[in-house]
There are 4 protein chains.
Amino acid sequence: MPEPRFRRRKEDRPQEITEAALAAFADKGYAATKVDEVAKRAGVSKGLLYLYFKTKEDLFKAVIRSFVVPKIDELTAIIDSSELSSEEFLRGPFLAFVKTVPGSPISVLVRLMISEGPKYPDLLQFYWENVVSRGLAALTVILERGVKNGEFRRSVVTDLPHLFVMPVLFSVIFKLLFEKQCPDTDRLIEAQIDVLIAHMKGEIQ
Amino acid sequence: MPEPRFRRRKEDRPQEITEAALAAFADKGYAATKVDEVAKRAGVSKGLLYLYFKTKEDLFKAVIRSFVVPKIDELTAIIDSSELSSEEFLRGPFLAFVKTVPGSPISVLVRLMISEGPKYPDLLQFYWENVVSRGLAALTVILERGVKNGEFRRSVVTDLPHLFVMPVLFSVIFKLLFEKQCPDTDRLIEAQIDVLIAHMKGEIQ
Amino acid sequence: MPEPRFRRRKEDRPQEITEAALAAFADKGYAATKVDEVAKRAGVSKGLLYLYFKTKEDLFKAVIRSFVVPKIDELTAIIDSSELSSEEFLRGPFLAFVKTVPGSPISVLVRLMISEGPKYPDLLQFYWENVVSRGLAALTVILERGVKNGEFRRSVVTDLPHLFVMPVLFSVIFKLLFEKQCPDTDRLIEAQIDVLIAHMKGEIQ
Amino acid sequence: MPEPRFRRRKEDRPQEITEAALAAFADKGYAATKVDEVAKRAGVSKGLLYLYFKTKEDLFKAVIRSFVVPKIDELTAIIDSSELSSEEFLRGPFLAFVKTVPGSPISVLVRLMISEGPKYPDLLQFYWENVVSRGLAALTVILERGVKNGEFRRSVVTDLPHLFVMPVLFSVIFKLLFEKQCPDTDRLIEAQIDVLIAHMKGEIQ
DNA sequence: AATGAATGAGTATTCATTCAT
DNA sequence: CATGAATGAATACTCATTCAT
């Protein structure tokens, strides 16, 4: 008995399709990915894809939105529920979270944002509001708390949460481009955090 | 019959074309740039462009090669000719050089490498050999010299020259994507160098 | 549980669908009308529509057939039941009937026949047999009766009933295309009939 | 020796293409005509067609414009250069001109305007301004001249130049749809003109 | 009978590349 | 050398039709 040509699974389709799209975009980038290819990967006809996403661009935006926001939610959830000191938090949950990024599917999204972002200002806006600024804000909360506690001295470092994010972006890209020559990204990230914390604490290293 | 005011010499053509291409790629990215558009910008016919570059991909590779190598040559030249201490070098010529990158035309190349690199392994190889590894090697020379001098303690930092490059990559991308919300990149870069040097020197900050 | 206020009966369905189709075709023409749209207008699912009409073309043919024949039946009925002289008939019931055409839903059918007819010879055949030739035949009966009566002289006019139909077709099309610049179609139609009758009667106007 | 794949004939191309398009539209109507088909008929590649006409719609508009305006220019030229009395003009050059329309390539344009016009208001506007209103104006000039001369009585007929155009539109459409059953269109047109002139002259017929 | 999710052939349009001039 | 007219393969998107439910 042959497989039925139609499977009705309305609820699951959008997710199945965005997952396939993420994989395809990861492989070839946005422009080089054919809609046909995404449909095939999702085990779905092109027509159905267009039932859920009006255009290829739409699909792209949906991919960005649906995979990135949950991840950042994860981070803020950790902060809110944590009773740790700032240093403990940075060395513990934050470091752990941040190490998972390079090599995870999200790293693909970073590449997509860099490649295609400039063409879609609204998407950048969304990304800024829902990911980057939220991430930086979360870090700022931690750093400020550390200053208030007396754990940290106020300095450029407590002022520039970007310094804590840098190694992640760097690792993602380095790994993407020069897998072979890439240093141990965990070590790189740890080193940066170490250096920054030491600096904030005013310790002799 | 009056002489044309500017007589274009054959030898300049390829460069004129790669410059036009760089500008076009900067505006729209590789895939979205039409060969027609590049030819128009270069003030040249499409046919002539194809006389110098066999394919669009060829042109792309030429762009990468021709703009990036001179820049890295610049850096290594500075190192070789410099009599400064390691710290002086890092805070002086290195910092100065590195600050010029975000916002310069080369930053465009970074985006191009990220977007298109994975499709062209030979280009990545070239980029690694001629840019990244040379840059890291130059830094390593400086750091080792500092350790030998007794200026710096040996540590993860002297071991990971990547830490010195991170803020540049970060700034380039941040500026590209979030121009509006971008922090002062000079300050960001300086902060990182400060923190790293302080750490290597074992000083209280 | 309250009775639904309107219970749709199965028997009405085809008619409801052809009505929706006529409206949709009127708006956008045949090719530009989507089956989906017709189904929605009819308050019916696409699947059900296909239960009644095998193809879109089928639906189209049903539309033509179902709206045009009753109209022409109306006209012949008037003729058969009328005791009037030929002139009275032409100036009375015929004129009245004919004036209602431009601006009525049937005028849409005219456009459809002109646009799509050439693709469907069987439909044209049907249209000819059931509408045009019957209409012309009815007119011929009247004109012949007038000649027999001595009301009218025999001439090209009594020979070409088409002359009486011309202003209707003209008005329908003019109104369809140039609503804004369209002359009063009633006046146009009346003028034509006047002129023709005067001619047949041999009167000085 | 094989035919050269490329023939450079920049000047002739647009006309060659519009001619092919007119023929294709005549055969199948606008919607059912494939751009591929037009290109093939014109002996040209699809790409080249798109070099001259940005879209299929554009091509359609060009077809309408390029074939219709010359025809109406012809008519107005005849009027301007004629020394005839109004009746002589109507029975002579006007009648002759008007008889050529049904069956000529322009008759195709009439069908196209009816089918597609309502979708392109700007095209209808163009058609109105450059064809219909100019044609009616030309007729009005003739009729007014006849009234001034004393040739004609003023009446609805001198007021409604549309009456003179009606048989042309009617013949075009009748021929298009019911070729087989179509009366002699020359005779139909002549009859209408006869009747109208007789009426304007107030003669007993 | 009734639904609407699913299909896929069909089409307009683009753009890197070629080649007659 | 230089041009840009000409090509055609490639691709996003549509919509009549089918069929599992």
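Below, chains carry the letters A, B, ... as their sequence lines are ordered, and counting in each starts from 1.
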Among D/Phe126, D/Tyr30, D/Phe67, find the one that has a ring-ring contact (aromatic ring centres under 6.0 Å, His included) with D/Phe60.
D/Tyr30
Charged N to carboxylate O below 4.0 Å: is that the case for A/Arg13 and A/Glu16?
yes
Reading DNA chain F from 5' onward, which residue's closest nucleotide shows up sooner: A/Ala31 or C/Thr33?
A/Ala31
For C/Leu51 and D/Lys34, take the nucleotide of DNA chain E holding the closest heavy atom to each; which residue's nucleotide lies nearer the 5' end?
C/Leu51
Could you state the atom-to-atom distance from NZ of C/Lys28 to P of F/dA16 in whole Å?
11 Å
If I take atom CD1 in residue D/Ile17 and atom P in nucleotide E/dA12, what distance separates them, rounded to the nearest angstrom?
15 Å
Among E/dA5, E/dT13, E/dA2, which is the nearest nucleotide to the side chain of A/Leu48?
E/dA5
Nucleotide nearest C/Val35 (side chain, heavy atoms from C-beta), chosen from F/dA16, F/dT7, E/dA16:
F/dA16
Please give, in whole Å, the distance from E/dA2 P to C/Asp36 CG?
18 Å
Closest-nucleotide 5' rank along DNA chain E - winner of D/Gly47 and A/Leu49:
A/Leu49
Write down the atom of D/Leu177, the atom of C/Pro118, and the distance for their closest heavy-atom approach.
CD2-CD, 4.1 Å
To the nearest angstrom, how far is A/Lys54 atom NZ from F/dC15 atom P?
13 Å
May I ask you to say what A/Tyr52 touches in the nucleic acid, namely base, sugar-phosphate or nothing, with a heavy-atom cut-off under 4.0 Å?
sugar-phosphate
Round to the nearest Å and state the distance from C/Lys40 atom NZ to F/dC15 atom C1'.
13 Å
Which nucleotide, if any, forms a Watson-Crick or G-U wobble pair with E/dG8, using both distances under 3.5 Å?
F/dC15
Counting N and O atoms only, with roles assigned by atom type, does the side chain of A/Lys28 sit under 3.5 Å from a partner on the main chain of A/Lys34, one being a donor and the other an acceptor?
no
Nearest-Å distance for atom pair CD/P, residues C/Glu16 and E/dA2
11 Å
Report yes if at least one side-chain N or O of C/Arg13 is closer than 4.0 Å to OP1 or OP2 of E/dA2; otherwise report no.
yes
The side chain of C/Ser45 is closest to which nucleotide in this list: E/dA6, E/dT3, F/dT17?
E/dT3
Applying the Watson-Crick and G-U wobble criteria at under 3.5 Å, what pairs with E/dA1? Answer none if nothing qualifies.
none
Could you state the CG-C1' distance from A/Leu59 to F/dC13, rounded to the nearest angstrom?
13 Å
Between C/Ala23 and C/Arg41, what is the shortest heavy-atom contact and its length?
CB-NH1, 3.5 Å
Contact under 4.0 Å: C/Tyr50 side-chain N or O vs F/dC19 OP1/OP2
no
With a 4.0 Å cut-off on heavy atoms, is B/Lys46 in touch with a base, just the backbone sugar-phosphate, or nothing at all?
base
Taken to the nearest whole Å, CD/D/Glu37 to P/E/dT13 is 16 Å
